[in-house]
*Asks:* 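I have a structure here, written as structure tokens, and I will follow up with some questions on it.
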Amino acid sequence: MGRLDPAARAALLRAGVRRRHDPGDVLIHEGLLETHVFLLEDALVKVTVLLPAGRQALMAIRVSGDLVGEMSALNAVPRSATVIACRHSTVHQIGREAFRSFLRQHADAAIEVAGIVSDRLRAANRRRADFASYPVKVRVARALAEIGSWYGRRAPTGIAVDIELTQTELATLCGAADITVHKVLRELRESGLITTGYRGFVIRDAEALQDLGLMTRDTRSEGFV
């Protein structure tokens, strides 16, 4: 939403139907041939894909202002992932034809959507490079630091991330085995860098976690809210 001018933003909101979802609700089901998109008005969702043996791999987290489901709307192909609400969320559901009509009428917005797709592809390519370049401990530290930077909130004990992130999801996000990630998380807790809980985690020392993740000045972010 932040990439659009006020007139385009208002037009996109008018194109959709406002819906509310509870934590755990599935907005998009992987494999279904659906073509609507969701504009996240006030929301936090996670994007997962199904792996062999029933494992769920966390691919991304999306927040208020983001767009999800655009690939199926543009190409009319089955859903490539599942999108699940992580908290009480308000979204705008926009049909394929309404979305495509909006893009035809707002050329600048169409360019921004193309930019979103490009950014996501670039992030996926960088993560593949991380898998080949860094040991698991570095990858886990980097993933936690990035999630905290973009989706965390300042709290008395550090940077709190109120996302129900399972150990298996974190392991697949980092391209590592569950048991290895379990060991790394224990080491991070013992070092005082993080604390973990049932519905999230707290980064107690953001700078040290970023250092462990070998994050350069260009890859660090101050996106805390």
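All values reported here derive from a predicted model rather than from experimental measurement.
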*Asks:* Among pairs that include at least one residue of residues 36-59, which meet ring pair (Phe, Tyr, Trp, His ring centres under 6.0 Å), considering only residues two or more places apart or in two chains?
*Replies:* His36-Phe38
*Asks:* Show the nearest heavy-atom pair for residues Cys86 and Pro23, with the distance to one decimal.
*Replies:*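 Looking at all heavy atoms of both residues, the closest pair is O-CB, 4.0 Å.
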*Asks:* Strictly by salt bridge (charged side-chain N to carboxylate O under 4.0 Å, His left out), give each pair with a member in residues 84-103 just once, sequence neighbours left out.
*Replies:*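 Qualifying pairs: Asp42-Arg87.
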*Asks:* I'd like to check Val184 versus Val136 (side-chain heavy atoms, cut-off strictly below 4.5 Å). Are they in contact?
*Replies:* yes
*Asks:* Do Ile61 and Val47 have side-chain heavy atoms sitting under 4.5 Å apart?
*Replies:* no
*Asks:* Please name all residues satisfying side chain to side chain donor-acceptor pair (under 3.5 Å) with Thr196, sequence neighbours left out, ordered by chain then number.
*Replies:*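 Expected list: Arg189.
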*Asks:* Do Leu27 and Ile84 come within less than 4.5 Å of each other through their side chains, counting heavy atoms only?
*Replies:*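 Sidechains of Ile84 and Leu27: no contact.
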*Asks:* How would you list, by chain and number, every residue that makes a side chain to side chain donor-acceptor pair (under 3.5 Å) with Gln167, sequence neighbours excluded?
*Replies:*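 Listed in chain order: His182.
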*Asks:* Identify the two heavy atoms, one from Ala141 and one from Gly213, that lie closest to each other, and give their separation to 0.1 Å.
*Replies:*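 Shortest heavy-atom separation between Ala141 and Gly213 comes out as CB-N, 3.8 Å.
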*Asks:* What residues, two or more places apart in sequence or in another chain, satisfy side chain to side chain donor-acceptor pair (under 3.5 Å) together with Asp178?
*Replies:*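 Expected list: Arg55, Thr168.
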*Asks:* Is there side-chain contact between Val37 and Val68, with heavy atoms separated by less than 4.5 Å?
*Replies:*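 No. Closest side-chain heavy atoms not under 4.5 Å.
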*Asks:* With side chain to side chain contact (heavy atoms under 4.5 Å, CB included) as the criterion, how do Leu4 and Leu12 come out once you've worked through the C-alpha distance, each side chain's angles and the decisive distance to 0.1 Å?
*Replies:* CA-CA 9 Å; Leu4 304 181; Leu12 185 57; 3.9 Å; yes
*Asks:* For residues Ala15 and Ala98, report the shortest heavy-atom separation together with the two atoms involved.
*Replies:* O-CB, 4.1 Å
*Asks:* Kindly state each residue pair satisfying ring pair (Phe, Tyr, Trp, His ring centres under 6.0 Å) with at least one member in residues 58-104, sequence neighbours excluded.
*Replies:* Phe102-His106
*Asks:* Should we say atom CD1 of Ile179 is surrounded by more than 12 heavy atoms from elsewhere, each under 6.0 Å from it?
*Replies:*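 No, because the 6.0 Å sphere around CD1 of Ile179 holds 12 heavy atoms or fewer from other groups.
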*Asks:* Passes side chain to side chain contact (heavy atoms under 4.5 Å, CB included), Val49 versus Thr82? Steps please.
*Replies:* CA-CA 6 Å; Val49 297; Thr82 293; over 6 Å; no
*Asks:* Do Val83 and Val26 have side-chain heavy atoms sitting under 4.5 Å apart?
*Replies:*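 The answer is no, as the side chains (C-beta and beyond) never meet within the 4.5 Å cut-off.
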*Asks:* Linking I/L/V/M/F/W/Y whenever any side-chain heavy atoms sit under 4.5 Å apart, do Leu170 and Val161 land together?
*Replies:* yes
*Asks:* Quick one: side-chain contact (heavy atoms from CB on, under 4.5 Å) partners of Ser80, sequence neighbours excluded?
*Replies:* none
*Asks:* For the residue pair Gly192 and Arg204, what are the closest heavy atoms and their distance?
*Replies:* O-CB, 3.4 Å
*Asks:* Could you give all pairs that pass the salt bridge (charged side-chain N to carboxylate O under 4.0 Å, His left out) test and reach residues 57-70, with sequence neighbours left out?
*Replies:* Glu70-Arg120
*Asks:* May I ask you to list the residues sharing a hydrophobic cluster with Leu32, side-chain cutoff 4.5 Å, ordered by chain and number?
*Replies:*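 For Leu32, no cluster forms, as it stays isolated from other hydrophobic side chains.
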*Asks:* Please list all pairs meeting salt bridge (charged side-chain N to carboxylate O under 4.0 Å, His left out) that have one or both residues in residues 15-31, counting only residues at least two apart or in different chains.
*Replies:* Arg18-Glu41
*Asks:* Minimum heavy-atom separation for Ala143 to Leu173, with atom names?
*Replies:*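 Result for this residue pair: CB-CD2, 4.1 Å.
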*Asks:* Show the nearest heavy-atom pair for residues Ala8 and Asp5, with the distance to one decimal.
*Replies:* N-OD1, 2.8 Å
*Asks:* Under 4.5 Å between any side-chain heavy atoms of Gln210 and Arg142, yes or no?
*Replies:*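 No - every pair of side-chain heavy atoms lies 4.5 Å or more apart.
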*Asks:* Measure the OG1-CE distance between Thr48 and Met59 for me, rounded to the nearest 0.5 Å.
*Replies:* 9.5 Å
*Asks:* Output the distance between atom CG (Leu214) and atom CZ (Arg139), rounded to the nearest 0.5 Å.
*Replies:*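 If I round to the nearest 0.5 Å, the distance is 12.0 Å.
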*Asks:* Identify, with sequence neighbours excluded, every residue that meets side-chain contact (heavy atoms from CB on, under 4.5 Å) alongside Gln105.
*Replies:* Ser101
*Asks:* Is Leu103 close to Leu74 at the side-chain level, that is, under 4.5 Å between some pair of heavy atoms?
*Replies:* yes
*Asks:* Quick one: side chain to side chain donor-acceptor pair (under 3.5 Å) partners of Ser72, sequence neighbours excluded?
*Replies:*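 Once residues adjacent in sequence are excluded, Ser72 has no partner under the side chain to side chain donor-acceptor pair (under 3.5 Å) criterion.
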*Asks:* Determine whether Leu144 and Leu188 make a side-chain contact, defined as any pair of heavy atoms from C-beta on separated by less than 4.5 Å.
*Replies:*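 Touching, per the 4.5 Å side-chain cut-off.
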